[in-house]
Amino acid sequence: MKPFLMTLSFLALAASLVSSILCANKGLSAETNQAVLFVGMLVWFAVTPFWMRNKKT
């Protein structure tokens with residue numbers, strides 16, 4: 001499960017980076033970029049704590 005969550009969080013970060021680059025190069029509208037950044041942020045903050053937490057053993 002942890003590798004899947006890590007992949008999902010890194011894909012969310014990558015989507016944010018790619019959408020910003022596309023917006024800067026006029027390949028994506030500002031509204032679409034804002035939506036992609038918002039969804040990427042939500043996914044990242046929802047998923048990352050589950051694979052970054054310390055397990056106390």
_Going by ring pair (Phe, Tyr, Trp, His ring centres under 6.0 Å), name the pairs with one or both residues in residues 16-43, residues two or more places apart or in two chains._
none
*Could you grab the distance from atom CE of Met6 to atom CE of Met1, nearest 0.5 Å is fine?*
13.5 Å
Spell out, yes or no, whether [X] and [Y] are grouped together once hydrophobic residues are joined by side-chain heavy atoms under 4.5 Å, including indirect joins.
{"X": "Leu5", "Y": "Met52", "answer": "yes"}
{"X": "Ile21", "Y": "Phe10", "answer": "no"}
{"X": "Leu13", "Y": "Val39", "answer": "yes"}

Can you name the side chain to side chain contact (heavy atoms under 4.5 Å, CB included) partners of [X], sequence neighbours left out?
{"X": "Thr7", "value": "Leu11"}
{"X": "Phe45", "value": "Met41"}
{"X": "Ser16", "value": "Leu37"}
{"X": "Lys26", "value": "none"}

On a heavy-atom basis, which atom in [X] and which in [Y] lie closest, and how many Å separate them?
{"X": "Ala12", "Y": "Gly40", "answer": "CB-O, 3.6 Å"}
{"X": "Val47", "Y": "Leu8", "answer": "CG2-CD2, 3.7 Å"}
{"X": "Cys23", "Y": "Ala30", "answer": "SG-CA, 4.1 Å"}
{"X": "Asn33", "Y": "Ser20", "answer": "OD1-N, 3.5 Å"}

*Ser9 pairs by side-chain contact (heavy atoms from CB on, under 4.5 Å) with which of Trp51, Phe50, Phe4?*
Trp51
*asked:* Test question: given the 4.5 Å side-chain rule for I, L, V, M, F, W and Y, name all other residues clustered with Val36, or answer none.
replied: none
